[in-house]
Visitor: 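Quick one: this structure, given as structure tokens, is what I'll be asking you about.
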Amino acid sequence: MKLPKNYNPAEFENKIYKEWEKSKCFTPEPTNEKSPFCVVIPPPNITGQLHIGHALNNTMQDIIIRHKRMQGFATLWVPGTDHASIATEAKIVDVLKADGKTKADIGRSDFLKLAHEWKEKYGGKIVQQLRRLGCSCDWTREQFTMSDTCSRAVNDVFVKLYHKKLIYRGNRMINWCPNCKTALSDAEVEYSQKDGHLWYIKYPFTDNSGHLTVATTRPETMFGDTAVAINPGDPDNAKHIGQSISLPFTKRIIPVIADTYVEIGFGTGAVKITPAHDPNDFEVGLRHNLPVIVVMNEDGTMNDQAEFCAGDDRFIARKKVIAELIKANLLEKTENHTHNVGECQRCGTISEPRVSTQWFVKMEPLAKPAIKVVKDRRIVFIPDRFSHIYFNWMENIRDWCISRQLWWGHQIPAWYCNSCGEITVDTKAPGKCSACGCTSLKRDEDVLDTWFSSALWPFSTLGYPKMTKDLKYFYPTNVLVTAYDIIFFWVARMIFSGLAHMGEIPFPEVLIHGLVRDTDGKKMSKSAGNGVDPIELIDKYGADALRVSLITGMAPGSDIRFGEEKMEPSRNFLNKLWNASRYLLSNLNEPPSSDLLEFKLTTAERWILHKMNKTISEVNVNLKKYELGLAYAKIYDFIWNDFCDWYIEISKSSLYGFDAKLKNQTIAVLVTILRTSLKLLHPFAPFITEEIWKEIRDPQDATFIATSKFPSGNAKFAFSKDYKRFEIIKDVIRSIRNVKAEYAVAPSKAVKIYIQTLDKSYMKKNMSHIYKLANVSNAEFITDKNLIKEQTVAITLENLEIFIPLGELVNIEKEIQRINKEIDKMQSEITRGSNLLNNEGFISKAPKQLVQIETEKLNTNKDLLVKLVSRLKELNE
RNA sequence: GGGUAAUUAACUCAGUUGGUAGAGUGCCUCCGUCACAUGGAGGAAGUCAGGGGUUCGAGUCCCUUAUUGCCCACCA
């Protein structure tokens with residue numbers, strides 16, 4: 001017996017992980033003898049630390065992966081990290097800043113050198129943390145979005161899409177972060193309600209006929225106004241259409257135009273049009289051929305067009321403009337106004353709509369087939385409701401801005417000819433311009449959106465564009481596990497990318513989970529200081545306890561609240577398993593026979609084996625449907641309640657007894673149950689089960705439980721008759737304990753019982769359990785309860801009555817009360833049953849089996865009632 | 001404005017195709033016993049948010065109201 005007395009996960013978890021990794025048991029070979037099962041990890045950012053959300057996401061994947069591996073699939077979990085363009089670049093900029101330097105100071109190549117060094121030094125942290133969590137990734141296939149393999153895929157895809165005219169360069173309105181100084185995609189802007197103002201500004205007509213008042217939330221952009229728009233159907237304002245306005249400050253003459261974009265009745269009904277700084281105005285400008293006047297710089301300061309605000313930050317300029325308007329008596333009024341303001345997802349700076357030349361992916365042709373595969377259910381979301389979110393996004397998708405004005409990332413493989421200006425796009429540097437043959441070329445400075453490379457992850461990690469063995473064997477992957485917040489960023493893009501470049505879906509199932517929140521339901525974040533560090537929890541309670549805590553009571557797709565208090569019950573459960581194993585090991589001398597059917601099994605043994613069998617079947621069904629929480633609950637219940645609380649207690653009489661043959665048999669059963677329990681639990685709690693497995697494994701079985709065979713239902717262990725019988729024995733034991741508790745009889749005090757029953761045989765066989773577990777000193781079978789001479793407390797069960805002589809302890813009053821209570825309960829049961837069975841609809845429409853069960857139950861209850869009533873009568877005499 | 005989810009025991013949450021409501025924690029009694037006090041035995045505790053409907057039967061399906069959360073959307 002080698003298990004220490006106390007369950008101390010810190011003593012073995014790291015050691016076990018090393019053994020797994022050394023033995024390569026997570027490294028599959030593509031082989032025809034097995035079916036493939038593959039999952040790609042949502043690559044965490046190299047800048048990241050493992051947070052509780054990762055812990056949940058990866059625990060779920062690992063459970064699925066380990067289950068499949070044990071079921072005999074060639075199971076591959078591809079790990080890797082994401083280069084996280086903006087986040088990493090910001091980190092490096094900070095590093096430089098500490099030295100008083102800027103990007104521009106050191107230049108592109110030195111900057112990238114520094115970034116790669118930083119990645120080597122810190123980028124591996126999260127990958128080590130995944131090991132601590134127990135993730136059974138194949139580290140020999142670890143990938144990085146900027147690795148040679150993945151970069152090759154990125155270039156290949158970019159070039160292909162360009163030649164298919166699905167990537168283009170264009171001057172468009174995009175989202176711009178003035179802090180990161182780069183373009184952003186629509187998905188990278190987060191909108192939130194902000195309190196602001198609606199300023200009413202007087203715009204004078206050129207003909208001195210008065211003014212038109214416009215309402216705006218952004219007065220500072222008025223330097224870029226090139227029109228005022230009015231809805232032609234507006235009864236009050238339409239008359240002004242065609243008039244001219246002299247824009248305050250700049251005195252530029254701008255027209256009053258008609259456009260139905262303006263909503264009648266909102267504000268003043270007149271809208272200032274600033275094509276360079278508002279997406280809607282940009283569209284209006286295109287329709288009316290208006291000039292586009294840019295008034296802002298890349299960093300959010302105003303440019304020379306902004307008159308007295310030139311050089312000021314946009315928000316300072318806003319205040320200045322208002323002050324000047326007041327001075328000029330052009331501000332009619334100010335209203336409070338809440339509106340949606342977009343912020344850069346990465347840095348939180350208010351983003352700015354900006355007209356600029358960028359690279360775009362034309363989405364419509366790509367989105368169409370991606371919608372179809374989900375509509376056709378070739379890809380399903382679990383839970384299904386997330387497919388609505390997917391459709392909503394995909395069906396309203398706009399072209400994807402993929403260029404970023406950053407250095408860290410995949411540099412766009414496009415070269416501009418210095419003489420003719422032609423763009424040459426190729427996977428490697430072209431020697432000359434594809435149009436004029438000139439050799440003077442300049443590469444595009446920008447890099448690609450990080451999500452451009454993540455979108456290729458399910459096939460780039462497997463070797464694409466080369467048709468490698470892995471790619472052939474493992475693609476499409478089998479399931480993708482992720483939180484709902486990156487369905488747009490990642491899942492949707494992987495789906496259309498897989499279809500476009502592999503001609504095949506990347507995965508048939510998308511398992512969506514929720515976000516982990518704190519105990520108050522707030523999103524965990526570093527700034528709020530309410531985050532729990534999973535590594536600290538692992539140090540304190542063990543990785544298994546963390547995994548199991550995250551899975552406990554988890555419902556698919558919904559957020560979970562998590563606090564450290566959830567750790568204790570999990571740890572206690574694992575401790576329970578640990579000690580149950582110690583109990584068995586301390587009684588184990590030689591390996592028992594492995595075939596239980598050699599023995600003549602007892603009722604109790606058949607009971608536990610039947611329950612085990614049932615648990616196995618249910619767990620397999622739950623796991624197949626990704627109902628991880630339910631599967632775990634069943635395993636937990638089986639191990640704690642059935643195995644520990646009942647079967648181990650039952651086994652003691654034989655293990656501590658003198659019948660060697662019986663003892664041997666009991667041990668064989670215990671070992672079977674324990675081994676099976678360990679296997680069932682292994683996907684959820686890999687470390688403790690592996691540690692115990694070492695001591696208890698069948699020498700014929702796999703060295704690692706991680707590669708052993710997952711249990712499957714076995715018809716040989718279906719003993720439903722004995723299962724029911726033993727449930728009655730348990731009832732008897734519970735009832736006696738109950739009576740003792742009610743009468744304040746110490747559990748240590750043994751009592752005598754009388755049993756009256758028609759079916760004595762199995763009762764007699766199982767009396768030893770009743771003696772032991774209910775602490776009964778002796779039992780007498782009787783045929784006529786009237787022959788009992790002592791005062792007794794009666795227990796009335798199905799086909800069974802038990803009388804416990806408690807002598808002077810018996811309190812007639814209390815007994816009458818107790819029996820009355822039971823009679824009430826029974827009567828309401830009978831009423832319920834009768835109503836059901838007197839209902840013609842029920843008899844004719846309910847399943848026959850159910851009708852039969854209800855009929856039997858009613859009869860039994862009627863019997864019980866008769867007994868209870870007669871007992872009451874006796875007591876009253 | 002549209003969509004979506006939630007509302008179940010004191011608390012945190014499960015509840016798989018509709019068939020008499022479950023767990024963990026907490027609470028109350030008792031038990032230091034030879035796997036485990038990170039434990040054991042027993043117990044109390046729910047009009048499944050309100051209202052309507054479908055059904056023989058509804059926590060579960062439909063409608064509706066209320067509260068809450070999240071996502072999407074160009075109202076200046």
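Letters A, B, ... are given to chains in the order of the sequence lines, protein chains preceding strands, and every chain is numbered from 1. Heavy atoms only: backbone and side chains are in, while hydrogens, waters and symmetry mates are out.
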Visitor: Taking atom CZ as the centre, does A/R287 end up with more than 12 heavy-atom neighbours from other residues, nucleotides or ligands that are less than 6.0 angstrom away?
Guide: yes
Visitor: Expressed in angstrom and rounded to an integer, what is the separation of A/K730 atom NZ from B/G40 atom C1'?
Guide: 16 Å
Visitor: Calculate the interatomic distance between A/E649 atom CD and B/G39 atom P; express it in whole Å.
Guide: 14 Å
Visitor: Counting the atoms with a prime plus P, OP1 and OP2 as sugar-phosphate, which does A/K576 contact under 4.0 Å by heavy atoms, base, sugar-phosphate, or nothing?
Guide: base
Visitor: Applying side-chain hydrogen bond (donor to acceptor under 3.5 Å, both in side chains) between A/R314 and each of A/E352, A/H277, A/E220, report the one that passes.
Guide: A/E352
Visitor: Surrounding NZ of A/K825 (heavy atoms of other residues, nucleotides or ligands, distance under 6.0 Å), is the total greater than 12?
Guide: no
Visitor: Assign A/A555 to base, sugar-phosphate, or nothing according to its heavy-atom contacts below 4.0 angstrom with the strands shown.
Guide: sugar-phosphate
Visitor: According to a 3.5 Å limit on both distances, what stems of 3 or more consecutive Watson-Crick or G-U pairs are formed with RNA chain B?
Guide: B:1-7 with B:66-72, B:10-13 with B:22-25, B:27-31 with B:39-43, B:49-53 with B:61-65
Visitor: Under 4.0 Å between any heavy atoms, over every strand shown, what does A/E840 touch: base, sugar-phosphate, or nothing? Just pick one.
Guide: nothing
Visitor: Please state how far atom CG in A/N572 lies from atom P in B/C36, giving the value in whole angstrom units.
Guide: 15 Å
Visitor: Look at all strands and tell whether A/V214 reaches a base, only sugar-phosphate, or nothing, counting heavy atoms closer than 4.0 Å.
Guide: nothing
Visitor: Within the structure shown, what part of the strands sits under 4.0 Å from A/K857 by heavy-atom distance: base, sugar-phosphate, or nothing?
Guide: base
Visitor: Given 3.5 Å as the limit, does a donor-acceptor pair link the side chain of A/K857 with the main chain of A/E829, or not?
Guide: no
Visitor: Taking OP1 and OP2 of B/U38, is either one under 4.0 Å from a side-chain nitrogen or oxygen of A/N6?
Guide: no
Visitor: Just to confirm, is there a sub-4.0 Å distance from OP1 or OP2 of B/A14 to any side-chain nitrogen or oxygen of A/S558?
Guide: yes
Visitor: Just to be sure I understand the geometry, which residues of residues 382-392 of chain A put a non-hydrogen atom under 4.0 Å away from RNA chain B?
Guide: A/R385, A/N392
Visitor: What's the gap between B/U47 and B/C70 when it is taken at their P atoms, as a whole Å value?
Guide: 30 Å
Visitor: Whether A/W640 contacts B/G40 is assessed here as follows: a side-chain N or O lying under 4.0 Å from the phosphate OP1 or OP2. Is that the case?
Guide: yes
Visitor: Looking at A/N738, does any N or O in its side chain come under 4.0 Å of the phosphate oxygens OP1/OP2 on B/G43?
Guide: yes
Visitor: Could you state the atom-to-atom distance from NE2 of A/H339 to P of B/G1 in whole Å?
Guide: 19 Å
Visitor: Tell me which residues in residues 560-571 of chain A put a heavy atom below 4.0 Å from RNA chain B, sorted by number, or none.
Guide: A/R561, A/K566, A/P569, A/R571
